[in-house]
Colleague: 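Quick one: structure below, then a few questions.
The basis for the numbers below is simple: all heavy atoms, side chains too, and nothing from hydrogens, waters or symmetry mates.
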Amino acid sequence: SVRYLYRKVPQSKRICSYYRCQKPILRNIAQDKQGAIYHYGCLQSALDEQWRCLNCWAVFNGTEVAVDMQFGKQVLTCPFCGSSNLKRVKNR
């Protein structure tokens, strides 16, 4: 059970770490292996999402992708080499 997260993390700091969401977490809180907090559904979506870096050929999921702000726009970058040359791997 992750009920202790509601007491541990103040409500003002409960923001979903999923790059597509970034909304406050009021219920259904979940935590990944690195300690980042998500909505439960957002965490499941991020784990299902696969990315491939076209520079270093690393494969990683949506919880590992790094988000960079460039010119007021979100740019996804590789957590290993920092390249923004990413391709989503399709699930078959």
Colleague: State the OH-SG distance between Tyr38 and Cys21, to the nearest 0.5 angstrom.
Modeller: 11.0 Å

Colleague: Is the shortest heavy-atom distance from the side chain of Val9 to the side chain of Ile37 under 4.5 Å?
Modeller: yes

Colleague: Do Asn61 and Trp51 have side chains that get closer than 4.5 Å, going by heavy atoms?
Modeller: no

Colleague: Could you give the distance from CZ (Arg14) to NZ (Lys8), rounded to the nearest 0.5 Å?
Modeller: 12.5 Å

Colleague: Would you sort out whether Gln11 and Leu26 count as a side-chain contact (heavy atoms from CB on, under 4.5 Å), showing the intermediate values?
Modeller: CA-CA 8 Å; Gln11 189 170 4; Leu26 303 176; 3.7 Å; yes

Colleague: Membership question, hydrophobic clusters at under 4.5 Å side-chain separation (ILVMFWY): are Phe80 and Leu76 in the same one?
Modeller: yes

Colleague: If the threshold is 4.0 Å, N to carboxylate O, is there a salt bridge linking Arg20 and Glu49?
Modeller: yes

Colleague: So, the side chain of Ser83 versus the backbone of Asn55: is there a donor-acceptor pair under 3.5 Å, distance only?
Modeller: no

Colleague: Measure the shortest side-chain to side-chain distance between Ile15 and Ile25 over non-hydrogen atoms and say whether it is less than 4.5 angstrom.
Modeller: no

Colleague: Measure the spacing between SG of Cys42 and CD1 of Ile29 and express it to the nearest 0.5 Å.
Modeller: 12.0 Å

Colleague: For the residue pair Tyr4 and Gln31, what are the closest heavy atoms and their distance?
Modeller: OH-OE1, 3.3 Å

Colleague: With rounding to the nearest 0.5 Å, note down the distance linking CZ in Arg3 to CZ in Arg7.
Modeller: 9.0 Å

Colleague: Check for me, please, whether Phe60 and Val75 land in the same ILVMFWY cluster - side-chain distances under 4.5 Å, paths through other members count.
Modeller: no

Colleague: Could you tell me if the side chain of Leu86 sits less than 4.5 Å from the side chain of Cys78, heavy atoms only?
Modeller: yes

Colleague: State, with a plain yes or no, whether a side-chain heavy atom of Val59 is found less than 4.5 Å away from one of Gln50.
Modeller: yes

Colleague: Below 4.5 Å, heavy atoms only, C-beta onward: do Tyr40 and Arg27 meet side chain to side chain?
Modeller: no

Colleague: Which value, rounded to the nearest 0.5 Å, describes the distance between Asn85 atom CG and Arg52 atom CZ?
Modeller: 12.5 Å

Colleague: Measure the shortest side-chain to side-chain distance between Leu43 and Asp32 over non-hydrogen atoms and say whether it is less than 4.5 angstrom.
Modeller: yes

Colleague: A side-chain contact here means heavy atoms from C-beta on lying under 4.5 Å apart; do Gln22 and Cys16 qualify?
Modeller: no

Colleague: Using modelled atom types and a 3.5 Å cut-off, is there a donor and acceptor pairing between side-chain atoms of His39 and backbone atoms of Pro24?
Modeller: yes

Colleague: Verify side-chain contact (heavy atoms from CB on, under 4.5 Å) between Tyr18 and Val65, making sure each step is shown before the conclusion.
Modeller: CA-CA 9 Å; Tyr18 189 40; Val65 71; over 6 Å; no

